[in-house]
Amino acid sequence: MNSKTKAAFLDRDGVINIDKSYVHKVEDFEFIDGVFEALKFLQDRGYLLIVVTNQSGIGRGYYSEEDFQILTSYMLKELKKNGIDIAKVYHCPHSPDAKCECRKPAPKMLLDAKKEFDIDMQNSIMIGDKKSDIQVGKNAKVGKTVFIGKDCEAEADLCIQKISQLPKLI
């Protein structure tokens, strides 16, 4: 048996929750319709669920690392209540001008996950709603990239308008 695991790498804002620009408070966090079913579908098909999110609001001073951790804890608890286990949440706290190695589309978060969880990148997927999400998938040599949104990102392997359409694709 292949010891390597396949993963579904998920952006957070715009994929798991409605992107309201620098979401950092529990009261502003709103799950996207259909996300529980889509994530459960992936989990039931053997995908390890990993969140990879740029959080430049920390680097810009809009909110703190602690604010991010409180919100992440809330998100994980709500997902767990719905039978969804997130293996880990990786985040980049830097602003775009920090020139760090972890900010998407740089592949560090995905490559760290690959190492930590022995992930088979070729059989994994990256799901996001921005060009940088698709690019990070390509940069980390993930097997498939899925773009969620109205205007399909040309480099994506698959495009859907809403996460609720994901089970029909995979």
### Task
Could you walk me through whether Asp19 and Arg12 pass the salt bridge (Lys or Arg N to Asp or Glu O under 4.0 Å) test, one step at a time?
CA-CA 8 Å; Asp19 190 350; Arg12 192 191 80 178; over 6 Å; no
### Query
Taking C-beta and beyond as the side chain, do Lys108 and Tyr90 meet within less than 4.5 Å on heavy atoms?
no
### Message
According to a hydrophobic-cluster definition based on side-chain heavy atoms being under 4.5 Å apart (Ile, Leu, Val, Met, Phe, Trp, Tyr only), do Ile18 and Leu71 belong together?
### Response
yes
### Query
How far apart are the closest heavy atoms of Val142 and Ser124, and which atoms are they?
CG1-O, 3.2 Å
### Within-4.5 Å side-chain heavy-atom neighbours: Phe29 and Val23
yes
### Query
Between the side chains of His91 and Glu65, does any donor sit under 3.5 Å from an acceptor?
yes
### Query
Once you round to the nearest 0.5 Å, how far does NZ of Lys81 lie from CD1 of Ile84?
12.5 Å
### Query
Any side-chain heavy atom of Asp11 within less than 4.5 Å of one from Lys104?
yes
### Task
Give the cluster check for Leu166 versus Ile86: same hydrophobic cluster or not, with ILVMFWY residues linked at side-chain heavy-atom distances below 4.5 Å.
yes
### Message
Between the side chains of Asp67 and Lys25, is the shortest nitrogen-to-carboxylate-oxygen separation below 4.0 Å, so that they form an ion pair?
### Response
no
For residues 30-43, dump all side-chain donor-acceptor pairs below 3.5 Å to protein atoms at least two apart in sequence or in another chain.
from	atom 1	to	atom 2	distance (Å)
Glu30	OE1	Lys20	NZ	3.1
Lys40	NZ	Asp44	OD1	3.3
Gln43	OE1	Asp85	N	2.7
Gln43	NE2	Gly83	O	2.7

#### Entry: Taking every non-hydrogen atom, the tightest pair across Gln161 and Ile148
O-CG2, 3.7 Å
### Query
How close do Pro167 and Ser164 get, heavy atom to heavy atom, and via which atoms?
CD-O, 3.4 Å
### Task
Side-chain contact test, heavy atoms from C-beta onward, threshold under 4.5 Å: evaluate it for His24 versus Phe68 and give yes or no.
no
### Task
Applying side-chain contact (heavy atoms from CB on, under 4.5 Å) between Ile127 and each of Ile16, Leu158, Val146, report the one that passes.
Val146
### Task
Could you tell me the separation between the CZ atom of Phe117 and the NZ atom of Lys4, rounded to the nearest 0.5 Å?
14.5 Å
### Query
Just wondering, do Pro93 and Gln55 contact through their side chains at under 4.5 Å, heavy atoms?
no
#### Entry: Any side-chain heavy-atom pair of Ser132 and Arg103 under 4.5 Å
no
### Minimal non-hydrogen separation, Asp120 against Asn123, with atom names
OD2-ND2, 2.6 Å
### Query
Roughly how far apart are Tyr74 OH and Leu79 CG, rounded to 0.5 Å?
9.5 Å
### Task
Decide if atom CD of Glu101 counts as having more than 12 heavy atoms of other residues, nucleotides or ligands within a radius under 6.0 Å.
no
### Query
Looking at Glu155 and Lys138, does any basic side-chain N land under 4.0 Å from a carboxylate oxygen?
no
### Task
Determine, using the 4.5 Å side-chain heavy-atom cutoff (strictly less than), whether Val15 and Ile125 are members of one ILVMFWY cluster.
yes
### Message
Nearest 0.5 Å, please: how far is CG in Asp133 from NZ in Lys131?
### Response
12.5 Å
### Query
Are any of the side-chain heavy atoms of Val89 and Met75 separated by less than 4.5 Å?
yes
### Task
Kindly compute the distance separating CD1 (Ile58) from SG (Cys92), expressed to the nearest 0.5 Å.
8.5 Å
### Query
Linking I/L/V/M/F/W/Y whenever their side-chain heavy atoms sit closer than 4.5 Å, directly or via other members, would Ile163 and Val51 fall into one cluster?
yes
### Task
For Ala7 and Ile50, work out which heavy atoms get closest and say how close.
CB-CD1, 4.2 Å
### Query
For Tyr22 and Asp13, what are the C-alpha separation, side-chain angles and deciding distance, and is it a side chain to side chain contact (heavy atoms under 4.5 Å, CB included)?
CA-CA 9 Å; Tyr22 304 107; Asp13 300 318; over 6 Å; no
### Task
Please examine the side chains of Leu10 and Val52, heavy atoms only from C-beta on, and report whether any two atoms are closer than 4.5 Å.
no
### Message
Between Lys114 and Met121 (side chain of the first, backbone of the second, donor and acceptor by atom type, cut-off under 3.5 Å), is there such a pair?
### Response
no
### Task
Check whether the side chains of Ser56 and Asn54 place a donor and an acceptor atom closer than 3.5 Å, and report yes or no.
no
## Note on the structure
Residue pairs meeting side chain to side chain donor-acceptor pair (under 3.5 Å), one or both in residues 141-151, sequence neighbours left out, come to Thr145-Asp157
#### Entry: Heavy-atom pair with the smallest gap, counting every atom of Leu110 and Gly137
CD2-CA, 4.5 Å
